[in-house]
2 protein chains.
Amino acid sequence: MAADKASATPEKPRLQARKQPLQSRSAATVGVILEAAARILEERGLTGLNTNLVAQRAGVSIGSLYQYFPGKEALLAALIRDARAGLLEAVQQICTQGGLLSTQLRVLIRAAVHHQLHRPQLMRHLEYAELMLPLDQESAALNDALLNALQGVLMAHAVQEAEVTARDLIAISRGMIDSAGLAGESDAATLENRVWRAVSGYLSCAV
Amino acid sequence: MAADKASATPEKPRLQARKQPLQSRSAATVGVILEAAARILEERGLTGLNTNLVAQRAGVSIGSLYQYFPGKEALLAALIRDARAGLLEAVQQICTQGGLLSTQLRVLIRAAVHHQLHRPQLMRHLEYAELMLPLDQESAALNDALLNALQGVLMAHAVQEAEVTARDLIAISRGMIDSAGLAGESDAATLENRVWRAVSGYLSCAV
DNA sequence: GTCTATACGTAGATAGAC
DNA sequence: GTCTATCTACGTATAGAC
């Protein structure tokens, strides 16, 4: 009987929040908690993030936090989802509008720079967290949607090997913006031009 | 709340190993420990790395491990130093040889691809660890040396804005190789060509 | 439904035996 | 000089009060 207590640990990280914040007050609480988590992430990184500190900074008790997020990983998953969803919205809008390839890519790069340069440290920590977490269905779907949107644009303009090209373009942009953010750059326009040079250079050799 | 109990935390991470492995047996032990740490990093990431597990995998006791490394961060610092030193050696050799810019960059990209595609997960974890650790003197010096070597090549060929260009080229390469490694690519030659396209494209627009 | 208090597990680090 | 045993601290998660 007593042995049952410590039965085989299922290792089941729950990434979904226990409650969906349908009420406005709950939504506000969730927002406060997530913003606190984001700030801590920026200041202390992944290892410095813990549920007690988040609750304290958010001004709620640890018990309340656990009512909305079943653990540290759930906080990270929510932050990742939010970030991905924000970018995806902008990207899909651009991709469905059509136009010259160069124009579309320019605008996409602008969106990416704006998105990633806003809080570079936070994005970097989230990107790393994404690799370690067994990323949930929703985040995976958002990632796929992002890649597919870009791939669609490339195919619409008859670019060869759209799949690997899309991956490379994302890697180039992400790497450069990451690096610039880390170096303390804040001039989005200049950075945008440099990313454009790399992206257009990569493509012009290909065609 | 109650009185501050954990307020006076000095937070003094020692990054230097306690002993330098001058004897061959010690050097072997250090090597075994570091390889064990590297494997765990690849399998479980930064949060999964702990001193007990490293000692166990390395086949030494936790006490012995602490004689060589005063903690988890010292293990990471040593791994980062080793990786940086390995790449720097190759890069400096290439940079001091002279020749056409395109030739030199080609060879540099080859070295970078070879270096980073070998153990992509490990490199990614180390890159992230590098950001969180107050990186020690030696690693900082190695990083500077790397950047300077590339910058020197660019300046020798009269490339404008060598500093920011060097940073961008490193960011492009690192981002693409990282992404390719994560996607499971193992064809170094193909990847090398794609990185070359991005790098040469970036530069040709600049000149 | 929000808080306080606490039990539990894990990891860090050391002291002392051999 | 290497190992075993252990102490301490911290973070997670829950139970129960309000």
Side-chain angles (χ1 to χ4, degrees), chain A residues 2-30 32-33 36-37 40-41 44-77, chain B residues 1-30 32-33 36-37 40-41 44-77 133:
Chain A
D4 273 349
K5 186 183 177 185
S7 57
T9 309
E11 281 282 353
K12 192 186 180 184
R14 290 157 294 179
L15 298 178
Q16 296 284 343
R18 280 172 176 165
K19 297 179 177 180
Q20 289 95 319
L22 298 176
Q23 273 78 22
S24 61
R25 195 153 82 102
S26 294
T29 303
V30 165
V32 170
I33 291 173
I40 294 166
L41 219 45
R44 310 197 176 192
L46 272 180
T47 58
L49 182 77
N50 65 66
T51 52
N52 287 316
L53 188 55
V54 172
Q56 181 196 318
R57 290 278 190 95
V60 301
S61 74
I62 183 68
S64 293
L65 186 146
Y66 269 91
Q67 281 211 327
Y68 294 100
F69 300 97
K72 169 178 173 170
E73 299 192 320
L75 289 169
L76 289 169
Chain B
M1 291 302 168
D4 51 340
K5 48 182 178 180
S7 61
T9 309
E11 284 280 357
K12 190 185 178 183
R14 290 157 295 180
L15 298 178
Q16 295 285 340
R18 280 171 177 165
K19 296 178 177 181
Q20 290 94 320
L22 298 175
Q23 273 78 21
S24 61
R25 196 155 80 103
S26 293
T29 303
V30 165
V32 170
I33 290 173
I40 293 166
L41 219 45
R44 308 196 179 193
L46 273 180
T47 58
L49 182 76
N50 65 67
T51 52
N52 288 314
L53 188 55
V54 172
Q56 181 197 319
R57 289 275 190 99
V60 301
S61 72
I62 182 68
S64 294
L65 185 146
Y66 269 91
Q67 282 212 327
Y68 295 99
F69 300 97
K72 166 178 175 171
E73 301 194 317
L75 289 168
L76 289 169
L133 257 52

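Computed from a prediction, not measured in an experiment: that's the story for all the values here. Letters A, B, ... mirror the listed sequences (proteins, then strands); counts begin at 1. These values consider heavy atoms only, across backbone and side chains, with no hydrogens, waters or symmetry-generated copies.
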Measuring only between side-chain heavy atoms, which start at C-beta, is B:Phe69 closer than 4.5 Å to B:Val54?
no
Of the nucleotides C:dC3, C:dA13, D:dT14, which has the atom closest to the A:Ser64 side chain?
C:dC3
Among the nucleotides C:dC3, D:dT12, D:dT2, whichever has the atom closest to the side chain of B:Tyr68 is D:dT2
Residue pair B:Val32 / B:Val60, side-chain heavy-atom distance below 4.5 Å:
no
Spacing of B:Tyr66 atom OH relative to D:dT4 atom P, expressed in whole Å
16 Å
From B:Asn50 atom CG to B:Ile62 atom CD1, the distance as rounded to the nearest 0.5 Å
8.0 Å
Counting only non-hydrogen atoms, which of residues 48-56 of chain A are less than 4.0 Å from DNA chain D?
A:Asn50, A:Thr51, A:Asn52
Quick one: does A:Arg57's side chain get under 4.5 Å of A:Ile40's, heavy atoms only?
yes
Interatomic distance, A:Lys72 atom NZ to A:Leu53 atom CG [nearest 0.5 angstrom]:
10.5 Å
Just the rounded figure in Å: distance from P of D:dT4 to CD of B:Gln67.
14 Å
Tell me which of B:Lys72 and A:Gly59 sits closer to the 5' end of DNA chain C, going by the nucleotide each one is nearest to.
A:Gly59
Taking the side chain as every heavy atom from C-beta outward, state whether A:Leu75 and A:Leu41 have any pair of such atoms under 4.5 Å apart.
no
So if I take every side-chain heavy atom of B:Ile62 and compare against C:dG1, C:dA13, D:dA13, which nucleotide ends up nearest?
C:dA13
A:Ile40 CD1 to D:dG11 C1', in whole Å, measures 13 Å
Whole-Å distance between C:dT4 P and A:Leu65 CG?
14 Å
